[in-house]
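Here is the naming used below: chain letters follow the sequence lines, and residue numbers restart at 1 for every chain. All values reported here derive from a predicted model rather than from experimental measurement.
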2 protein chains.
Amino acid sequence: MTAAEISTESAIFDAALRVFSRKGKDGARMQEIADEAGINKAMLHYYFRNKDSLYEAVFAHVIGRFFSEIDRAMLPGRPFVESMEGMIHVYMDMHAAQPEVARLWVQENLNGAPVARSLIERHRNADHPFGPHRLLARIREAADAGEIRAVDPVHLMMTVLGMTVMTFIATPTLSVFDPSLRIDSAAMIDARKRHIVEVLTHGITI
Amino acid sequence: MTAAEISTESAIFDAALRVFSRKGKDGARMQEIADEAGINKAMLHYYFRNKDSLYEAVFAHVIGRFFSEIDRAMLPGRPFVESMEGMIHVYMDMHAAQPEVARLWVQENLNGAPVARSLIERHRNADHPFGPHRLLARIREAADAGEIRAVDPVHLMMTVLGMTVMTFIATPTLSVFDPSLRIDSAAMIDARKRHIVEVLTHGITI
DNA sequence: GTCTATATCTCGATAGAC
DNA sequence: GTCTATCGAGATATAGAC
């Protein structure tokens, strides 16, 4: 790969991520992606065959990176609550640095999540156990050991997802009620982290 | 209004809600809405001038109904935790009966929430205090009185929104890990309610 | 690898018959 | 009030020069 190819391709990636996360796959316009990438439409089709394959490439790349980060953050051996606190910090920081990823995933789900589901199915059949699977197992283990209250692992996962991801979804509406609610504010992200950890810690411990 | 007008108009409303909630305003196709409503495209433009006004009519109607339901569910005088438990039940039941509303609101937010914001601003200047405003005041009151832990009202609202709404967003992905996670299952909705109430109750009380 | 120009199709919206 | 037919704009995608 030449330097030009790398920078153009990553410019396309970034622009596509932003546009897809705002409008979804069908609502996105190739022209808008080209404009945000600072190139012309023909280049999009040179690097990626068409809109569908561009969408799939962006989604797979961005979600794949997320999953492995979550995997890395899930250190074994530590008490569950402590481990959960660390994961929430990592998770929130990743979303704060690039809120488009959470939004893209939500768009995927609103559309039935065909791409996400096929990605997960493919990973499931791979050699080593998958991030979310390992996390669910860890939650069940902690619940069985009486380390935390007897929660359903999938419900707790959904709860963590809701509390964290919603931060980067709901602000356009909720900032009407509290203008200080800006996701580019480090103080807000910090306050959000503390709230989540506090509520969850007291919420699941016995 | 004749009977034909009423049934056609509500058929359009329902179909538009479904399609907009899946694809967002820009991703939705007038043809798809017409098909789901069992009419042809020309009728859409007969009842609503264009796509934008159809979207705004659907959004305003559906969110307005939601806000007043929330308002009704917020009975004063009762202990906060008890009142919150009731609201979560009402809120979850409404979403379970019509999951498209939560999804439409999320779509709105992904798009910057211009319609939602102008709706709220308009209501704010109306005569009587607004649902969300009253709820925020009620949370602050409970926190100040030491009835619950000292939480930021907006963060608690975001948390409740996340835990409830995420149920109707994330299932396409999460059902890969747990196939019993179906939003049309009364048992699942019930389990979800119990989980939310349990985590939140322990999470905010002292 | 990057651009302009254009082919082809789809979409939103309207005209006009019934 | 409902339909068919169609217009014109805007969309994806490609051809071909540089």
task: For A:Lys25, enumerate each residue passing the salt bridge (charged side-chain N to carboxylate O under 4.0 Å, His left out) test, keeping only those at least two apart in sequence or located in another chain.
output: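 Salt bridge (charged side-chain N to carboxylate O under 4.0 Å, His left out) check on A:Lys25 returns A:Asp52.
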- request: Under the salt bridge (charged side-chain N to carboxylate O under 4.0 Å, His left out) rule, collect the residues that match up with A:Glu141, sequence neighbours excluded.
  value: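 Result, salt bridge (charged side-chain N to carboxylate O under 4.0 Å, His left out) vs A:Glu141: A:Arg138.
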Interatomic distance, [X] [atom1] vs [N] [atom2] [rounded to whole Å]:
X: A:Tyr46; N: D:dG16; atom1: OH; atom2: P; value: 17 Å
X: B:His45; N: C:dG12; atom1: NE2; atom2: C1'; value: 5 Å
X: A:Ile39; N: C:dT4; atom1: CD1; atom2: P; value: 12 Å
X: A:Arg49; N: D:dT14; atom1: CZ; atom2: P; value: 9 Å
X: B:Phe48; N: C:dA13; atom1: CZ; atom2: C1'; value: 16 Å
X: B:Asp35; N: C:dC11; atom1: CG; atom2: P; value: 11 Å

Counterpart residues, side chain to side chain donor-acceptor pair (under 3.5 Å), relative to A:Glu108 (two or more places apart):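 Applying side chain to side chain donor-acceptor pair (under 3.5 Å) to A:Glu108 gives A:Tyr55.
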field: B:Arg49: side chain to side chain donor-acceptor pair (under 3.5 Å) partners, not counting sequence neighbours
entry: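 For B:Arg49, no residue satisfies side chain to side chain donor-acceptor pair (under 3.5 Å) once neighbours in sequence are set aside.
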query: Just checking, is any N or O donor in the side chain of B:Asn50 or B:Ser53 under 3.5 Å from an acceptor N or O on the other one?
result: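 Side-chain D/A pair, B:Asn50 to B:Ser53: present.
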- prompt: With distance as the sole criterion, is a donor-acceptor pair present between the side chains of A:His195 and B:Thr159 under 3.5 Å?
  reply: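 There is such a pair (donor and acceptor under 3.5 Å, judged by atom type) between the side chains of A:His195 and B:Thr159.
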Sequence neighbours excluded, every pair satisfying salt bridge (Lys or Arg N to Asp or Glu O under 4.0 Å) that has a member inside residues 188-202 of chain A: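 As it turns out, the salt bridge (Lys or Arg N to Asp or Glu O under 4.0 Å) pairs with a partner in residues 188-202 of chain A, which skip direct neighbours, are A:Asp93-A:Lys193, A:Asp190-A:Arg194, A:Glu198-B:Arg149.
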query: Which residue pairs pass the salt bridge (Lys or Arg N to Asp or Glu O under 4.0 Å) test with at least one member in residues 151-169 of chain B, sequence neighbours excluded?
result: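 Passing the test, one end in residues 151-169 of chain B: no pairs.
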Pairs under 3.5 angstrom, nitrogen or oxygen only, protein versus nucleotides 8-11 of chain D, please.
none

- prompt: Tell me the ring pair (Phe, Tyr, Trp, His ring centres under 6.0 Å) pairs involving residues 97-126 of chain A, sequence neighbours left out?
  reply: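 Passing the test, one end in residues 97-126 of chain A: A:His123-A:Phe130.
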Any B:Tyr47 side-chain nitrogen or oxygen under 4.0 Å from OP1 or OP2 of D:dT2: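 Affirmative; the distance criterion is met.
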field: Close approaches to DNA chain D from residues 11-27 of chain B, in residue order (heavy atom, under 4.0 Å)
entry: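 DNA chain D contact set from residues 11-27 of chain B: none.
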- request: Give one of base, sugar-phosphate or nothing for A:Asn40, where a contact means two heavy atoms less than 4.0 Å apart.
  value: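 Base contact - A:Asn40 has a heavy atom under 4.0 Å of at least one base atom.
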message: Measuring from the side chain of A:Met43 (C-beta onward, heavy atoms only), which nucleotide among D:dT2, C:dA13, C:dC3 has the closest atom?
response: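 Looking only at side-chain atoms, A:Met43 lies closest to C:dC3.
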